[in-house]
Amino acid sequence: MPMAQRVLHSARGQGSRPMPASVGTCRRSSARHFLARTVAAQGSRFETVEQAPPDPILGVTQAFRADEDDRKLNLGVGAYRNDDLQPVVLDVVRKAELRVVEQKNNKEYLPIDGFAPFNKVSAELMFGADSELLASGKIVTLQSLSGTGSLRVGAAFVNRFFPGAKVYIPNPSWGNHKNIFADAGVDVAQYKYFDPETIGLDFSGMMADLESAPEGSVVILHACAHNPTGIDPTVEQWKEVLEICQRKGFLPFFDSAYQGFASGDLITDAFAVRMFADAGLEMLVSQSYAKNLGLYGERVGALHCVAKDEGNAKRALSQLKRLARALYSNPPTTGARIVAEVVGDPELFEEWKGEMMGMAGRIKEVRQQLVDCLKQKSPNRSWDFITDQIGMFSYTGMSNAQVENMTNKHHVYMTKDGRISLAGLSSGKVEYLANAIVDSFDNC
Ligand SMILES: Cc1ncc(COP(=O)(O)O)c(C=O)c1O
């Protein structure tokens, strides 16, 4: 027990015998003074709080900002930039924002489960407006704080209602998955995903690990554009994953952070989620609008729960609300209103799809330019893995030493796992990056 607590403990006395009120007040007050003096003599109460390491992803941006070299390039951040490497606010978002301002809404709290029109359009976007499951009330939705907050509420739900169940995340996975589940008190295990030999999916390793996972485990699946590898299972492989989830009674927990960003098409990118839901699997799905609508800082997203029937779905929602109430009470309003305007209005929705295609298209273009340039500069190596990968990222398979060379010598900032964000690359910087990559592979 720390000193200050020990002092308080002994000053309070051990027994629970009632004391006359005046005596109690007097003793408590002198104990408080004594405690205050002791704490003052000891120094800070936070003395034992250790310095936390920088976040492995957001820390990269901090280091980038501190670098004064003009050639510097930030490929660490998972946020879209235009070809001038500037952040982008979509035109549809600007239009929706104007509408929201004109509505002169009040600033009252939303219900715990969020803005109902937002929940409706979000569930339709994920599962299809014509989904039988939606019509029959088997899917419930909680608006939450973007993808991370939705995952965190889901993690708390797993911890409370499936005590002892392990959560299996792919190896590698988005750096925050482990944090989120571990912080919620859930045991985290990994299943194989990446094969460094082929720089592709280790599907047999993945299936073997899932086969040996205990029945009833929770399995995190990236809905599309797996982060960090950019490698997704094929349709046939998804079917095998579905079969094993069914057979072993796993609870799939889909993380959908890139719907529309992987292929440029919202329906294609929801394929795996819809296939699992339509096959009758119960599951959780987190949904983020950070990337596809560029609402990063608005923190807008949702957690969906798909249950066998309406009764189970409703009870699950009641408990999700209870968890959200304790975590942050209720979600923010503005982002949800913007999403409801864009996704719920046929005209803005069409415009959004066009803009999303534009973002996905620019990333595909620089991906191709990078591969062409690498092939020219280093024809003896194989670079096609970069164009085989999809979404925002490329997982280069670089070692720690190679990543350090990229940053220390070439001022190219990327995560330590060798991931580069192609959303942060402009066509003007392709050659510079290709030189840095070739130098790092050849000389480190
Ligand atoms: C796989 C994955 N899941 C979830 C998120 C959560 O993002 P946000 O909380 O900004 O919606 C991200 C963001 O990079 C991600 O890559």
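Whatever order the structure lists ligands and atoms in, that order sets their numbers, starting from 1. What you see is a predicted model; the values in this text were computed from it and never measured.
Salt-bridge annotation for Arg247 and Glu211: present, with a side-chain N of the basic residue lying under 4.0 Å from a carboxylate O of the acidic one. Using a 4.0 Å cut-off between charged nitrogen and carboxylate oxygen, Asp183 and Arg152 do not count as a salt-bridge pair. Checked for salt-bridge contact, Arg71 and Asp69 meet the test: a charged N lies under 4.0 Å from a carboxylate O.
Lys377 NZ: more than 12 foreign heavy atoms inside a 6.0 Å radius. In this structure, Arg381 places its CZ atom where more than 12 heavy-atom neighbours from other residues, nucleotides or ligands lie under 6.0 Å away.
Distances from atom 8 (P) of ligand 1 to the heavy atoms of Ser146, Gly175, Gly149, Gly78 put Ser146 nearest. Of the candidates Tyr296, Tyr289, Trp174, Phe393, Trp174 brings a heavy atom nearest to atom 12 (C) of ligand 1. When Arg299, Gln287, Glu298 are ranked by how near their heavy atoms come to atom 10 (O) of ligand 1, first place goes to Arg299.
If you check which protein heavy atom lies closest to atom 14 (O) of ligand 1, you get Lys291 NZ, 3.0 Å. Among all protein heavy atoms, the one lying closest to atom 2 (C) of ligand 1 is Asp255 OD2, 3.4 Å.
For His222, no nitrogen or oxygen atom sits less than 3.5 Å from a nitrogen or oxygen atom of ligand 1, counting backbone and side chain alike. Looking at Asn227 next to ligand 1, an N or O pair under 3.5 Å apart turns up.
With ligand atoms numbered from 1 in the order given, ligand 1 contributes 8 (P), 11 (O) to contacts under 4.0 Å with heavy atoms of Ser288. Close approach to Ala290 involves these atoms of ligand 1, each under 4.0 Å from a residue heavy atom: 10 (O), 11 (O). Distances below 4.0 Å separate heavy atoms of Gly147 from the following atoms of ligand 1: 8 (P), 9 (O), 11 (O).
Sorted by first and then second residue, the ring pair (Phe, Tyr, Trp, His ring centres under 6.0 Å) pairs involving residues 278-319 (not counting sequence neighbours) are Phe118-Tyr289, Phe127-His304.
Ligand 1 lies out of reach of His226, whose nearest heavy atom is not under 4.0 Å from it.
Within the 4.0 Å heavy-atom criterion, both parts of Thr148, backbone and side chain, lie near ligand 1.
Among residues two or more places apart in sequence or in another chain, the side chain to side chain donor-acceptor pair (under 3.5 Å) test is passed with Asp265 by Thr268.
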Exercise for review: Could you walk me through whether Trp174 and Phe393 pass the ring-ring contact (aromatic ring centres under 6.0 Å, His included) test, one step at a time?
Suggested key: CA-CA 11 Å; Trp174 175 50; Phe393 302 108; over 10 Å; no
